[in-house]
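Structure, as structure tokens:
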Protein chains: 2
Amino acid sequence: MPIDAVSRIRRFNRAVTAEVGALDTSFLGRGRPLGAARVLNAIGHGRGEVGALRDYLGLDSGLMSRLLRGLEEEGLVVTLPHPGDARRRVAALTEAGRREFAAYEALSNAQASSLVERFPRAEELLRAMDLVATALGRERIAVEECDPRSEAAVHCLTEYYAELGRRLATGFDVALSRDPEAADMMRPRGAFLVALSDGRPIGCVGLKGKGGERAEIKRLWVCPSARGLGLARRLMKAAEDAARNLAITTLRLDSNSALTEALQLYRRTGWVEIDRFNDDPYPDFFFEKRL
Amino acid sequence: MPIDAVSRIRRFNRAVTAEVGALDTSFLGRGRPLGAARVLNAIGHGRGEVGALRDYLGLDSGLMSRLLRGLEEEGLVVTLPHPGDARRRVAALTEAGRREFAAYEALSNAQASSLVERFPRAEELLRAMDLVATALGRERIAVEECDPRSEAAVHCLTEYYAELGRRLATGFDVALSRDPEAADMMRPRGAFLVALSDGRPIGCVGLKGKGGERAEIKRLWVCPSARGLGLARRLMKAAEDAARNLAITTLRLDSNSALTEALQLYRRTGWVEIDRFNDDPYPDFFFEKRL
DNA sequence: CGGATTGTCTGACTTAGGTCAGCGACATGC
DNA sequence: GCATGTCGCTGACCTAAGTCAGACAATCCG
């Protein structure tokens with residue numbers, strides 16, 4: 001490791017520590033200790049169960065309990081017994097709690113906005129931040145099954161189509177491609193998987209089934225800032241696992257010779273080239289894999 | 001501000017908070033509270049005077065004193081009276097303190113290395129981190145008045161002349177240009193301003209006066225890595241403020257048509273083109289601004 | 001010289017954050 | 001139905017961090 005790289009990273013650390021510190025102190029601006037503010041925000045972001053809260057925030061159960069009690073006394077939170085297990089408790093925001101949460105969200109958003117607004121090369125900066133966040137959050141990328149019509153999935157698909165348009169010599173027209181029914185990419189026929197880094201969708205893949213033993217892999221996409229991290233491979237593996245889980249034995253996919261990284265990945269992970277199996281105008285490579 | 005940009009920044013914040021947290025706890029790995037570790041590191045980085053330490057770390061004088069006492073008891077630090085002013089004290093590392101400081105440095109470096117090593121696209125990541133650090137550190141760029149013969153000023157001027165040499169079709173020969181006397185760019189006749197990022201000079205501008213109501217702007221330069229951040233504009237504004245402060249009412253400057261960004265800046269900030277007012281061989285554009 | 005100011009230190013106090021043992025209510029497996 | 005484990009809560013306790021008033025010595029300025 002060249003010493004120069006170390007000094008660059010340490011400069012980054014210093015810059016970022018100052019910025020994060022500023023965010024923390026802005027949270028303190030609402031007259032509540034940071035711990036309580038973090039709990040309030042976690043609940044606002046949908047983490048209701050006390051156990052889940054503890055894990056997420058890395059707090060001791062006693063401390064967690066006290067913080068919740070404090071928020072309850074402020075009238076921001078109520079805790080109710082868990083419907084299925086009366087030992088557990090679930091915290092929820094009251095009306096006042098929702099207002100307070102919204103105020104914190106507004107603070108966060110304003111801080112984020114001001115950062116970009118006061119920097120002239122905003123898009124460049126955002127791309128750099130994406131890359132750094134992905135690199136730092138690499139161990140925390142989650143692959144999850146979701147509805148292909150969900151917001152996260154639609155985001156990925158939009159990016160995917162846009163990229164095809166740029167990369168295929170012929171351009172790409174969504175209307176001309178066989179757009180699978182959402183139901184074909186959901187249980188029980190198939191599945192749709194997104195990769196989430198801290199909740200932000202950064203990749204996807206679809207498993208399109210018809211109910212039989214054969215299914216197709218569709219819409220494999222990884223966002224540019226997350227490439228080179230083995231995420232495509234991980235998504236493909238997750239899709240294969242989902243296929244096995246659905247008792248599917250043969251997978252197929254079509255692709256285009258312009259997508260060289262994808263073709264390389266398929267060849268390296270046990271896919272074999274086969275004859276054309278559809279008359280879609282865009283693909284010119286066809287693969288199969290037996291599970 | 002599109003909501004998407006906000007979510008990207010907030011994702012970055014979360015990723016970086018986790019990483020910074022990991023850095024903090026690694027500092028705790030040496031059995032010393034974070035505050036004491038920070039003081040030790042600041043001293044190791046050459047900040048000896050107690051007052052300077054307090055400012056840098058943002059600590060109360062009582063707390064600072066106690067932390068120093070603790071480090072003294074551990075045998076890592078000695079504090080001596082300041083040679084010129086016996087009220088002040090200067091802290092220095094003992095041999096054991098230097099060893100401990102080296103251990104902290106090694107931890108920081110290892111953490112930085114591991115980040116890059118576990119990410120396949122290292123150079124790209126480093127560039128992204130540089131950009132983010134520059135963007136975040138923008139507010140911490142200080143514009144200060146200094147002697148035009150000081151080290152920082154000379155560094156900037158050397159870079160400035162080198163760049164003129166590259167950009168002017170005719171080349172540039174320092175000897176042929178009217179090199180103003182240092183005294184013309186110092187109080188009470190004028191001023192010389194440098195921009196410092198983390199103590200490193202990254203830009204400059206000179207205000208050259210003769211004692212009357214008219215002065216000239218000279219030597220506006222911004223280092224390439226800091227361009228696009230509005231630093232030139234900020235330097236010019238600081239120079240104008242200094243001029244007003246010196247009761248100067250009319251500013252002039254000469255420039256060259258090869259320096260397009262500079263010409264654009266002048267036109268946008270209230271400068272008007274005037275006739276040639278000197279016979280210097282390099283400039284071919286002349287501007288004036290009334291304050 | 002004498003009063004004001006500066007720089008540091010000390011003691012008393014507060015708050016935030018965190019740990020730990022044990023309790024009571026509930027759940028689970030045999 | 002009982003032993004065992006799980007979940008959250010409580011009280012007692014601890015450390016780190018920070019605040020504040022005042023003490024004390026050195027310095028500065030008129």
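The figures here come from the full heavy-atom set of this structure, side chains too, leaving out hydrogens, waters and symmetry mates. Naming convention: chains lettered A, B, ... in sequence-line order (proteins, then strands); numbering from 1 in each chain. Note that this is a predicted model, so its numbers are computed, not measured.
Rounded to an integer number of Å, the gap from CG of B:Leu63 to P of C:dA16 is 17 Å. For B:Leu57 and D:dG18, the CG to P distance is 10 Å, given to the nearest whole Å. A:Leu59 places its CG atom 16 Å from the C1' atom of D:dC7, with the value rounded to the nearest Å. Atom CG in B:Leu68 sits about 11 Å away from atom P in C:dT10, given to the nearest Å. Nucleotide C:dC9 holds its C1' atom 16 Å from the CG atom of B:Leu80, rounded to whole Å. When the P atom of D:dC24 is taken as reference, atom CZ of B:Arg89 falls 17 Å away, rounded to whole Å.
Minimum atom distance to the side chain of B:Asp60 is reached by D:dT19, of the listed C:dG17, D:dT19, C:dG18. Looking at the side chain of A:Ala86, the nearest of the listed nucleotides C:dC26, D:dG18, D:dA26 is C:dC26. If you check D:dC7, D:dT10, D:dA26 against the side chain of A:Ser65, the one that comes closest is D:dT10. The side chain of B:Arg87 has C:dT6 as its nearest neighbour among D:dC9, C:dT19, C:dT6.
If A:Arg88 and B:Asp85 are placed on DNA chain D by their nearest nucleotide, the residue sitting closer to the 5' end is A:Arg88. Remark on DNA chain C: of its neighbouring residues B:Val50 and B:Arg66, the 5'-side contact belongs to B:Val50, judged by nearest-heavy-atom nucleotide.
Counted by atom type alone, B:Arg98 and B:Thr94 present zero donor-acceptor pairs between their side chains at under 3.5 Å. Of the N and O atoms on the side chains of A:Arg38 and A:Tyr56, not one donor lies less than 3.5 Å from an acceptor on the other residue. Counting only N and O atoms by type, the side chains of B:Arg47 and B:Asn41 include no donor and acceptor under 3.5 Å apart. Checked by atom type, the side-chain pair B:Arg8/B:Asn13 shows no donor-acceptor distance below 3.5 Å.
Contacts of A:Arg54 with the nucleic acid, taken as non-hydrogen atoms under 4.0 Å apart, involve only primed sugar atoms and P, OP1 or OP2. The residue A:Gly51 sits close only to the backbone: its heavy atoms come under 4.0 Å of sugar-phosphate atoms, none of a base. Within 4.0 Å (heavy atoms only), A:Arg69 reaches sugar-phosphate atoms of the nucleic acid but no base atom.
Checked by atom type and distance alone, the side chain of B:Arg234 pairs as donor or acceptor with a backbone atom of B:Ile141 at under 3.5 Å.
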